[in-house]
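To keep things clear, I will list the structure first and then write my remarks on it.
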Amino acid sequence: MVDHPSHGTSGAAPAETPGDSRENGERRDEAAELRAAAAAGEPGAYRSYAELLTERGQLDEALPWWARAADAGDADASRTLAVCHQRRGDFAEAERWYRTAADRDGGCALGLARLLQEAGDPAGAEEWYGRGAALGSVACKTDGAVMLAARGEWDTALELLAEASAEGDDVATRTRKVIEDLLDELAGWRDALASAEAAGDPDAAYEALRALLDPERQGMYDTCPHLVAEAEALYARAAAVGSVKALVDQAIFTARDSARSDEARALVERAHERGYDGAAFVLGVWAEERGELRAAETWYRTADDADGGHFWACYNLGVLCTRQRRLDEAEEWLLSTGIDPENWDPFSESEDRVIRALEDVAAIRADPTRQGSAQWRDRLPALRASAADGGPDAWYAYAEALDHIHRLPEAAEWYRKAGTPRALLALGRMLHRSGGAKGTFVIPYYEPAAGEGDASAAYDIGRVHEDAGDRRTAEIWFHRAAGLGHGGAAWWLGRTSEERGGDPQQAERWYVRAARTGLVPPAFLAGRSMVRRGAHADAVPLLYAAHDGGHAEAAYWLAKAVRGLGRPEEAERWLRTAAERHPRLLREYGPMARHALPDPRHELAEVLVELGRDEAAAEVLTECPPLS
């Protein structure tokens, strides 16, 4: 309903042919007729006029007419409104419009259920999947069945999927087959484990479950959380037979619930105490992911000592030391992996990673600017003395200096001691940037500053959620950051609006907000959007800013803007600039650029004709290929 091509790329350029003029006139007449009919309240006219405006990318103008259609009882209009607001990131308004027709329209019930599921309301989602299925929505029946399967209600889920499949839903057919195959595999794993239990064989018990941690199977645990509990229980049984390795794998599944992290760590520590060398390495990884740098180093060293040379513990120690600019130690640990820099296998991913890490050590040695600022080193004694007698501000200043010279564990301790939102934000960024911490673990460090209105902290939280694959939560935080004045967040929202299609007006608004913060690319994108819809005067200052900021395409669109304002002499100058840059742009943008970047010389020739310089226009045209 709202996915459609955007406006054409032309601002006010070529003259209309008689056929074009006639067609445009017919379209204008159609729009006028539909508007008059809608204004008169004729049956179906609200919807028809809203559809026309939506197809033209005029969603701002379309939404009130969609609302009138919805208020008149058009359930499809309610669904369209909900989708439009959902794509704009206004989830509350989307939910409101879905609810206006969800009790009588299966499509709205489906949209509402999915919206609630994404928002973390499984009970609400399940209710509306059920109600939508009762209204005849096969998709609701399928999605509701998947929810049941996700919590282990296999029989009911399979029954519903069979019904949906019989009603022609291919998704239900495929999903049912996946679940049936999975249940067969689970039965096989259980049988193999039961045999090992009967024999009292811990090694066989562990081997019976090896496939559960196959990387190719990891996605199924996100789709079906009940399988996490199933896998955890199976590994607990294997551990009870005596497999210490199974304790670690049990812990890996336990740790998927962040509220049970202490329980998971205790399982791995028990495996370590019982002599499993790999347990220390897992504890090191977990400590590093949480930004516990000293603990990570201790566990990696323990893993290497216990194993008599643990490849990945040595590698991680090398990287950890590199981040802290302990370069001699870093090189020593990396070489302890056993990889020979003079004779290594370029087709081995593990060996390649070691060689790349050694090259990074060499590059840092060769570049003093990457080893920590001498200015910060010189200030360190005075800052240390102030920190000894000072409070949060002095502790923050000392931590910042330690951060700048890459003494990360000490910096972390002083940032934590300061404990202010600013200090915690700096700590989170340091751990994420240089400490190896996983993004989701550093969010609590960003939240206090974001709560105080720090736009960059809100943006960072959005980026973490985006990297984790949670685009809904990311969008919520980008909206918050953009509202606080963050240009990058506004740029992201504009780009997202364009990617979703059908909403160039919303994209343009976000680009304008981003441009106000001084960002060049969104200034160009906003200006180009304005030219495409004929707002030439508004486009000119944005395109000037983009050009002055070095955007290579800005000259071409500036020419179109000033030409649209009736300034052909100025358009000629900009088109000549664009023509000079065109070959470089084609090289930089690659093979597809020729279709996306029109040759400015064709429009230059048109402008020269307008200026009465036909011979110059002919000369320009002889230099460029014909229009396809």
Side-chain angles (χ1 to χ4, degrees), residues 206 213 215 232 235 239 243-339 350 353-354 357-358 360-361 402-403 406-416 427-428 430-442 444-445:
Y206 183 77
L213 280 173
E232 183 182 349
Y235 275 115
S243 171
V244 289
K245 290 183 180 180
L247 275 174
V248 174
D249 289 349
Q250 177 189 349
I252 289 172
F253 285 99
T254 304
R256 292 178 71 97
D257 180 352
S258 59
R260 300 175 66 197
S261 58
D262 291 342
E263 182 182 345
R265 190 178 306 201
L267 287 169
V268 183
E269 288 174 350
R270 193 189 314 163
H272 172 65
E273 292 164 1
R274 291 173 57 181
Y276 177 39
D277 299 341
F281 176 73
V282 172
L283 289 166
V285 170
W286 285 359
E288 188 173 0
E289 288 176 347
R290 288 165 172 77
E292 300 165 4
L293 301 180
R294 294 193 193 279
E297 182 170 348
T298 297
W299 283 116
Y300 286 145
R301 288 177 178 273
T302 301
D304 182 61
D305 290 342
D307 199 36
H310 191 291
F311 180 93
W312 289 112
C314 291
Y315 172 80
N316 285 4
L317 279 164
V319 172
L320 187 151
C321 290
T322 302
R323 289 171 177 153
Q324 298 177 35
R325 299 306 188 259
R326 293 153 51 189
L327 300 181
D328 291 343
E329 291 178 75
E331 188 173 54
E332 182 179 345
W333 282 115
L334 292 169
L335 292 174
S336 294
T337 60
I339 304 304
S350 58
R353 289 176 68 180
V354 172
L358 285 166
D360 190 35
V361 170
L402 292 166
D403 187 353
H406 307 286
R407 286 165 57 175
L408 307 185
E410 295 170 81
E413 291 168 358
W414 285 96
Y415 278 138
R416 285 192 177 97
L427 172 59
M430 182 193 78
L431 294 175
H432 197 195
R433 178 189 70 245
S434 305
K438 274 193 175 179
T440 50
F441 290 114
V442 301
Y445 295 121

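All values below come from the heavy atoms of this structure, side chains included, with hydrogens, waters and symmetry mates left out.
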Ser350 and Trp312: side-chain contact (heavy atoms from CB on, under 4.5 Å), yes or no, with the steps? CA-CA 9 Å; Ser350 58; Trp312 289 112; 3.6 Å; yes
Contacts of type ring pair (Phe, Tyr, Trp, His ring centres under 6.0 Å), residue Trp333, not counting sequence neighbours: none
Validation row: Leu334, Glu331 side chains within 4.5 angstrom (heavy atoms): no
Just do the side-chain contact (heavy atoms from CB on, under 4.5 Å) check on His272 and Thr302 with the steps written out, would you? CA-CA 10 Å; His272 172 65; Thr302 301; 3.6 Å; yes
Can you tell me how far CG of Asp257 sits from CD of Glu232, rounded to the nearest 0.5 angstrom? 9.0 Å
Is there side-chain contact between Glu288 and Tyr300, with at least one heavy-atom pair below 4.5 Å? yes
Could you check whether atom CD of Glu332 has more than 12 heavy atoms from other residues, nucleotides or ligands sitting under 6.0 Å from it? no
CG of Leu431 to CZ of Arg290, rounded to nearest 0.5 Å, is 13.0 Å
Indicate yes or no: at least one non-hydrogen side-chain atom of Asp277 is less than 4.5 angstrom from one of His310. no
Taking all non-hydrogen atoms of both residues, which atom of Ala303 and which atom of Ala313 are closest, and how far apart? CB-CB, 4.1 Å
Just wondering, do Phe311 and Ile339 contact through their side chains at under 4.5 Å, heavy atoms? yes
Rounded to the nearest 0.5 Å, what's the gap from OG1 on Thr322 to CG on Leu358? Could you check? 8.5 Å
What's the shortest heavy-atom distance between Leu408 and Ser434, and which atoms? CD1-O, 3.6 Å
May I have the step-by-step check of side-chain contact (heavy atoms from CB on, under 4.5 Å) for Tyr415 and Leu402, ending in yes or no? CA-CA 10 Å; Tyr415 278 138; Leu402 292 166; over 6 Å; no
When rounded to the nearest 0.5 angstrom, what is the spacing between CG in Leu320 and CG in Leu317? 6.5 Å
Which heavy atom of Lys245 sits nearest a heavy atom of Tyr206, and at what distance? CB-CE1, 3.5 Å
I'd like to know whether Arg294 forms a salt bridge (Lys or Arg N to Asp or Glu O under 4.0 Å) with Glu413, so could you lay out the CA-CA distance, the side-chain angles of the two residues, the decisive distance to 0.1 Å, and finally the verdict. CA-CA 10 Å; Arg294 294 193 193 279; Glu413 291 168 358; 2.7 Å; yes
Charged N to carboxylate O under 4.0 angstrom, Arg301 versus Glu329? yes
Test log, rule salt bridge (Lys or Arg N to Asp or Glu O under 4.0 Å), inputs Arg323 and Glu297: CA-CA 12 Å; Arg323 289 171 177 153; Glu297 182 170 348; over 6 Å; no
Once side-chain contact (heavy atoms from CB on, under 4.5 Å) is applied, do any residues pair with Val282, and if so which ones, sequence neighbours excluded? Val248, Val268, Trp286
Can you tell me how far OG of Ser243 sits from CZ of Arg274, rounded to the nearest 0.5 angstrom? 8.0 Å
Can you confirm whether Asp403 sits close enough to Arg433 that some side-chain heavy atom of one is under 4.5 Å from a side-chain heavy atom of the other? yes
Distance-minimising heavy-atom pair for Gly291 and Ala437: N-CB, 3.9 Å
Identify the heavy atoms of His432 and Gly439 that sit nearest to each other, and give their distance. NE2-CA, 3.7 Å
Measure the OG1-CG distance between Thr298 and Leu293 for me, rounded to the nearest 0.5 Å. 11.0 Å
Just to verify, what does Phe253 make a ring pair (Phe, Tyr, Trp, His ring centres under 6.0 Å) with, not counting sequence neighbours? Tyr221, Tyr235
